[in-house]
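Okay, so here's the structure we're looking at.
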Amino acid sequence: MSEPKSDSKPNQPRPHSAEFFNEMRDYWWNADFLRLMAQRLDFTGVSSVLDVGCGVGHWTFALAGVLPASARLTGVDREDEWVRNATQRVAAAGIAQRCEFVRGDAMSLPFADSTFDLTTCQTVLIHVGDPKDAIREMMRVTRPGGMVLAVEPCNMASMGVFSSVTDTFPTEVVAATHRFHLVCQRGKRTLGLGFNSVGDLVPGMMAELGLRDLRVYMSDRATPMFPPYDRAHQQAEARQLMDWHAREHWVWDKATTRQYFLAGGGGADEFETLWTQAGRQMELEIAAIQAGTYHCGNAHITYLVAGRKA
Ligand SMILES: C[S@@+](CC[C@H](N)C(=O)[O-])C[C@H]1O[C@@H](n2cnc3c(N)ncnc32)[C@H](O)[C@@H]1O
């Protein structure tokens, strides 16, 4: 898969999540793990699927590979550009006859009650102000006995992972980096733009909303970095790091990060210090990759939470 081509005009805001649809997304899943999930969650009888907040279809593609060949997949996204892009990509992949993409809002899905056997989303609940309302809406369009499946991370967990660069950082610097992420995540949530670690809370939300037979799994995928960095995902990660550093980017761009940090209760001066520290860490990591000394196990927490509608 290649990075989606943007047809946005210069100076217009890019569509939601544009920064995240880079080549790293192609390395999110182990194919045999997805087959195991399909078996455990029993996709055999599934004939209609809705992928909510489908973006350019990364999750739709992954699912298409493990669903029965007769299953039809519909993707829905708020952004016209992603709907067009996903439509082009399934045509290029030769699976257009199984897939359709439409524009719509996760909070008010353009489908009748009880339409789908399986309603799913991947990294979408982290972007909505009220994830419980979004799950409720997914339940509405799922047929009785059908399944709701949410794939959502706890991004704070990734902050606890050490690399050969950060494992000897002073305690205060490690703690400050944690604080930087946490204050930004809380600020984003305060602004109603979603909580980047919501995966931890999804099982409880589904239970509260009355989904039954809850199953909670975690992706088994790690993306370790070690010399000589010759695996495709390692090269993609090294490119992303260099690209972020060149553009003075860190998870989000500087203005967005500042907005989240201040909304989370952080101070303007503290923000500049932490932003500089994050840039410095990237510099050290790039230098270590270039010297062939960088390594990191790169674990992530990505939950798969599934429940059946009564
Ligand atoms: C991080 S991307 C995930 C895309 C895709 N699920 C994947 O895993 O590659 C989040 C997606 O959710 C979409 N989105 C965010 N809020 C939405 C909403 N309220 N309704 C529909 N789509 C939404 C964005 O446009 C974006 O495509």
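Counting starts at 1 for both ligands and their atoms, in listed order. Just so we're clear, the structure is a prediction, and the values are computed from it rather than from any experiment.
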What protein heavy atom is closest to atom 24 (C) of ligand 1, reported as residue, atom name and distance in Å? His16 ND1, 3.3 Å
Minimum-distance protein heavy atom relative to atom 23 (C) of ligand 1: Arg78 CB, 4.0 Å
Could you name the option among Arg25, His58, His127 that has the heavy atom nearest to atom 3 (C) of ligand 1? Arg25
CZ of Arg103 to CZ of Arg84: how many Å apart, nearest 0.5 Å? 10.5 Å
Pair Arg247 + Asp243: basic N to acidic O under 4.0 Å: yes
Counting heavy atoms under 4.0 Å, the part of Cys121 that contacts ligand 1 is neither
In ligand 1, which numbered atoms sit nearer than 4.0 Å to a non-hydrogen atom of Glu79? 25 (O)
Based purely on interatomic distance, does Trp28 place a nitrogen or oxygen under 3.5 Å from a nitrogen or oxygen of ligand 1? no
Considering Cys54, Gly55, Gly53, which one's heavy-atom position lies nearest to atom 6 (N) of ligand 1? Gly53
Checking Glu152 side chain against Val124 main chain: does a donor-acceptor pair fall under 3.5 Å? yes
Within 4.0 Å of some non-hydrogen atom of Thr123, the atoms of ligand 1 are 1 (C), 2 (S), 3 (C), 8 (O), 10 (C)
Which pair of non-hydrogen atoms, one from Lys188 and one from Ile126, has the smallest distance, and what is that distance? NZ-O, 3.0 Å
Here's a test for you: under ring pair (Phe, Tyr, Trp, His ring centres under 6.0 Å), which of Trp252, Trp250, Tyr260 qualifies with Phe180? Trp250
Under a 3.5 Å distance rule, please check whether Arg89 uses its side chain to pair with a backbone N or O of Val56 as donor and acceptor. yes
Just to confirm my output: which protein heavy-atom neighbour is closest to atom 27 (O) of ligand 1, and how far is it? Asp77 OD2, 2.6 Å
Relative to the heavy atoms of Gly104, which atoms of ligand 1 are at a distance of less than 4.0 Å? 20 (N), 21 (C)
Short side-chain to backbone donor-acceptor contact, Thr119 and Leu50, under 3.5 Å: no
So for Gly57, does at least one of its heavy atoms come nearer than 4.0 angstrom to any atom of ligand 1? no
Could you check atom 19 (N) of ligand 1 against the protein and tell me its nearest heavy-atom contact, residue, atom and distance included? Asp105 OD1, 2.9 Å
Sole candidate of His233, Arg231, Met225 that passes side chain to side chain contact (heavy atoms under 4.5 Å, CB included) when paired with Tyr229: Met225
Nearest to atom 20 (N) of ligand 1, what protein heavy atom do you find, and at what distance? Ala106 N, 2.8 Å
Nearest protein heavy atom with distance in Å, relative to atom 8 (O) of ligand 1: Gln122 NE2, 2.6 Å
Quick test: of every protein heavy atom, which one is nearest to atom 10 (C) of ligand 1, and how far off is it to 0.1 Å? Ser17 OG, 3.4 Å
Is there a path of hydrophobic side-chain contacts, each under 4.5 Å between heavy atoms of I, L, V, M, F, W or Y residues, that connects Val251 with Met159? no
